[in-house]
Amino acid sequence: MPEFFHPDRLQKLADLQALGADPYPARSPQERDRAATLSACFEQREGHTVTICGRVSGRRGYGKLAFLDVQDESGRIQACLQKDRLSADDFALLKVLNLGDFVAVTGELSKTKVGEITVFGDGDFTILTKALENPPEKWHGLADSELRARQRYVDLFSNPDVREDFLRRSAVITAMRRVFLEHNYHEVETPVLHPIYGGASARPFLTHHNSLDMTLYLRIAPELYLKRLLVGGIERVFEFARVFRNEGLSPRHNPEFTMVEFYQAYSDYQGMLALTEELVVAAARAAGLEGGDGSLKAMFREQEYDLTPPFARVRYADAFLEHTGIDLLDRQALADKMAEHEVAPADGGDYAWWKAVNELFERLVEPELPGPVFVTDYPAAICPLAKPSASDPVWAERFEFFLGGMELANAFSELNDPQLQLQKFEQQVADKDDPEAPNQVDWDYVRALAYGMPPAGGCGIGVDRLIMVLLGKDTIRDVLLFPHMRAEEGLGEAGEEVAGAQLSE
RNA sequence: GGGGGCAUAACUCAGUUGGUAGAGUAGUUGGCUUUUAACCAAUAAGUCCCAGGUUCGAGUCCUGGUGCCCUCACCA
């Protein structure tokens, strides 16, 4: 068992109690000022009595005088505690104060001799929370990337940039939500536990419901439930959905991640394209990427991306032709290329053929698409949930959005022909070679379509990856507050089977 | 899962050819009423990731394992 409770600090806590103080009072001062506000509005508040609350992040003591750095969410401000301006009891608290403790200081807002804005304590000085663990080194902060992720709470308070970045993530999501609401969308929540997994191709996590004795899957996408809502007559829906995919970890993959999916009746993939562009632009603004001239530029992996709209659009077939020199209708040239790259269709069927073509696309074309760019009109055979083009059913009304070398969004004119949908489901389920294919036909979804789903556009955006690009973070771990980690040794039962929480029995 | 790298005090890091485990910060004690990585003095603190092996002797060399990072594969 690691030592969480530092013996010296336990002694200080006892000393604090001996002074008659509560180390963990329930109440804080009713009114308090934020550090950033006091700095910004110093002229108006100078000479007035103010109160600050926060964590002590620095301390410079002089016997009868001490300077404290007090840190709240908004920033840092200095407090000065002097023996001749405080009660003897309050001044004695300095003796039992450690870095990392939370305090409240009431006093006059003024400046020191060297001009630093400072709260000169002359009213109440209280310890609001006694910390029993040492904060990290004050100059370097917490640097070890594993510790930063495992103990994000420490990372957040000891590295101000980290806190700033996560608040920017929050602002980005708020901005996207605002765009949806401006377009009269409704925010909904759909199940996370799915009896049949679908709406994407990925391996699921399994779980088990004890009293129903049934296997359930953590959702890999909310898509099929959101479209049921279109059937039900809710015309514009979105969900910021945590989804779970049972695949390897990497700088771009976490087993659970956030997608925002949205569906709009009486729209189509072109409508989704326009809205996606609007969302990305709003997100970029919220991330603070707007330059003085109104342009939006993101730096990601040492490359600059211009997010000033409109973004480029290119048809799938045109992009393929441009980067490989091959016409997608030229089967012989494609077959030659497949042989060259050791890509082989699983069988003679259309589905297998186009899957192989798409593998070429991912290998040869996608790396040439740094973005931002919309690739439109995908082969219909590999789009089981997209509506084929009326003018040429080889192509589906679908686009993907690429940025920073990653696929960030995927959208279609939603397939609403129940018979065609059933056929596509059956085809997928029959693909035994694909471990990511759905486990069974989602009959209820087919039935829902049978009642009629209005023509609609739908789209899913990978929120974490979008934020990676906007904040210039190389790894997804840096945009997730608590990225998945293996169980830490020596911390107790984490990772062990807990009675009542088994998958089965 | 394959390949490469890292693991030393609470934190940031040194550690020579294999020869008694080190510094700074944080902590503790004392001094100091305008500092800001305050300063001065004293002091405490280690499963050198784990388990084996080689050796008179291992933080250091070898084998195996664990965790993390990078990379490839799969994926968003």
Side-chain angles (χ1 to χ4, degrees), chain A residues 2-12 15 56-69 76-86 91 95-100 110-118 120 131-151 154-155 158-159 200-203 220-221 243-259 261 359 362 366 400-410 434-436 460-466 468 474-477 483 485-490 495:
Chain A
E3 188 52 78
F4 296 142
F5 308 144
H6 197 287
D8 291 331
R9 290 188 175 233
L10 287 173
Q11 183 58 51
K12 295 288 186 188
D15 293 347
V56 177
S57 61
R59 172 182 191 171
R60 295 166 292 283
Y62 290 84
K64 297 194 182 71
L65 158 85
F67 292 102
L68 302 181
D69 294 329
R76 183 204 79 102
I77 191 164
Q78 180 169 266
C80 180
L81 301 172
Q82 290 155 283
K83 188 169 188 183
D84 55 17
R85 296 183 77 168
L86 287 175
F91 191 77
K95 197 77 180 160
V96 296
L97 183 74
N98 290 109
L99 291 192
S110 185
K111 281 188 179 174
T112 62
K113 283 178 184 169
V114 294
E116 174 149 356
I117 294 170
T118 300
F120 288 88
L132 297 183
E133 182 77 288
N134 287 327
E137 208 236 14
K138 62 185 173 188
W139 190 241
H140 298 93
L142 195 63
D144 182 283
S145 65
E146 178 181 354
L147 284 180
R148 286 185 43 221
R150 282 196 193 278
Q151 292 178 250
V154 177
D155 191 30
S158 64
N159 298 321
S201 67
R203 288 185 222 204
I220 59 172
V243 299
F244 306 84
R245 299 190 183 176
N246 207 340
E247 279 142 9
L249 284 74
S250 89
R252 285 163 289 281
H253 299 86
N254 197 63
E256 53 179 298
F257 63 99
T258 303
M259 287 185 47
E261 285 202 1
E359 198 164 329
E362 287 176 0
E366 284 189 11
E400 291 197 355
F401 175 61
F402 291 88
L403 176 61
M406 300 183 288
E407 179 202 325
L408 288 192
N410 184 14
D434 188 352
E436 296 170 352
I461 298 177
V463 173
D464 309 292
R465 288 186 170 180
L466 174 61
M468 282 171 68
D474 287 357
T475 86
I476 198 168
R477 305 156 52 85
M485 307 286 280
R486 281 173 218 245
E488 189 175 0
E489 267 182 79

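Side-chain atoms are counted along with the backbone in the values below, which use heavy atoms only and exclude waters and symmetry mates. Letters A, B, ... mirror the listed sequences (proteins, then strands); counts begin at 1.
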Any idea which of B:U12, B:G67, B:U36 is nearest the A:R76 side chain? B:U36
Mark yes or no for whether A:N246, through its side chain, and A:R203, through its backbone, hold a donor-acceptor pair below 3.5 Å. no
Rounded distance in Å - CD (A:E362) to P (B:A73): 12 Å
Of the nucleotides B:U71, B:C74, B:G30, which has the atom closest to the A:P251 side chain? B:U71
Name the nucleic acid region contacted by A:N254, choosing base, sugar-phosphate or nothing; use a 4.0 angstrom heavy-atom cut-off, strictly under. base
Rounded off to whole Å, could you give me the CZ-to-C1' distance for the A:F120 and B:U35 pair? 10 Å
Touch class at under 4.0 angstrom, heavy-atom based, for A:G100 against every strand present: nothing
On the nucleotide B:U28, are OP1 or OP2 found under 4.0 Å from the side-chain N or O atoms that A:K12 carries? yes
Once you apply a heavy-atom cut-off of 4.0 Å, does A:K138 come out as touching a base, just sugar-phosphate, or nothing? sugar-phosphate
With the side chain of A:E247 defined as its heavy atoms from C-beta on, choose the nearest nucleotide among B:C68, B:U36, B:C74. B:C74
For B:G1, which nucleotide in any strand shown is its Watson-Crick or wobble partner with both distances under 3.5 Å? B:C72
Has the side chain of A:Q151 got a donor or acceptor atom that lies under 3.5 Å from a matching backbone atom of A:V154? no
Between B:A26 and B:U36 - P atom distance, rounded Å: 14 Å
Length of the line joining A:F5:CZ and B:A26:P, which is rounded to integer Å: 24 Å
So does A:E116 reach the base of B:U34 with its side chain, donor to acceptor, closer than 3.5 Å? no
If we take the C1' atom in both B:A21 and B:C72, what is their distance in whole Å? 40 Å
Taking only residues two or more places apart in sequence, or in another chain, which ones meet A:E407 in a side-chain contact (heavy atoms from CB on, under 4.5 Å)? A:E400, A:F402, A:N410
Quick note, A:Y62 side chain, CB onward, closest among B:U12, B:U29, B:U35 is B:U35
What does A:S158 touch in the nucleic acid at a heavy-atom separation under 4.0 angstrom: a base, only the sugar-phosphate, or nothing? nothing
So A:D144, base contact, sugar-phosphate only, or nothing? Heavy-atom distance under 4.0 Å. sugar-phosphate
Rounded to whole Å, please give me the gap between CD in A:E146 and P in B:C49. 14 Å
Answer yes or no: is there a donor N or O on one side and an acceptor on the other, between the side chain of A:K138 and the main chain of A:S158, under 3.5 Å? no
What's the closest nucleotide to the side chain of A:F67 if the choices are B:U12, B:U35, B:G67? B:U35
Base, sugar-phosphate, or nothing for A:Q11, non-hydrogen atoms under 4.0 angstrom? nothing
Strand partner of B:C61, provided both Watson-Crick or wobble distances fall under 3.5 Å: B:G53
Across every strand shown, the nucleotide meeting Watson-Crick or G-U wobble geometry with B:U25 (both distances under 3.5 Å) is B:A10
Determine: side-chain N/O of A:R245 to OP1/OP2 of B:C74, distance under 4.0 Å, yes or no. no
Between the protein and nucleotides 3-10 of chain B, which nitrogen or oxygen pairs are less than 3.5 angstrom apart?
none

What's the shortest heavy-atom distance between A:D69 and A:R60, and which atoms? OD1-NH2, 3.0 Å
If you look at every strand shown and take non-hydrogen atoms under 4.0 Å, does A:N410 touch a base, only sugar-phosphate, or nothing? nothing
Could you work out the separation of B:C56 and B:U66 based on their P atoms and round it to a whole Å? 32 Å
From CE of A:M485 over to C1' of B:C69, roughly how many Å is that when rounded to an integer? 10 Å
A:L68 side, atom CG; A:L99 side, atom CG - distance, nearest 0.5 Å: 9.0 Å
For A:E407, answer base if it contacts any base atom (sugar-phosphate contacts may also be present), sugar-phosphate if it contacts only those atoms, and nothing otherwise; contact means non-hydrogen atoms under 4.0 Å. sugar-phosphate
Using a heavy-atom cut-off of 4.0 Å across all strands, would you classify A:T112 as base, sugar-phosphate, or nothing? base
Among the candidates B:U34, B:U36, B:C69, find the nucleotide nearest to the side-chain atoms of A:R60. B:U36
With nearest nucleotides of RNA chain B determined for A:A409 and A:T475 from heavy-atom distances, which residue corresponds to the more 5′ nucleotide? A:T475
Rounded distance (nearest 0.5 Å) linking atom CG of A:L97 with atom CG of A:D15: 12.5 Å
Taking it one step at a time, do A:N134 and A:R9 satisfy side-chain hydrogen bond (donor to acceptor under 3.5 Å, both in side chains)? CA-CA 9 Å; A:N134 287 327; A:R9 290 188 175 233; 3.0 Å; yes
Complementary nucleotide of B:U47, counting Watson-Crick and G-U pairs under 3.5 Å: none
Spacing between A:L65 atom CG and B:U35 atom P, to the nearest angstrom: 10 Å
Name the residue closer to the 5' end of RNA chain B, choosing between A:E359 and A:G115 according to the nucleotide with the nearest heavy atom. A:G115
I need the A:R477 CZ to A:M485 CE distance, nearest 0.5 Å. 4.5 Å
Same-atom distance (C1') from B:G4 to B:U16, integer angstrom: 27 Å
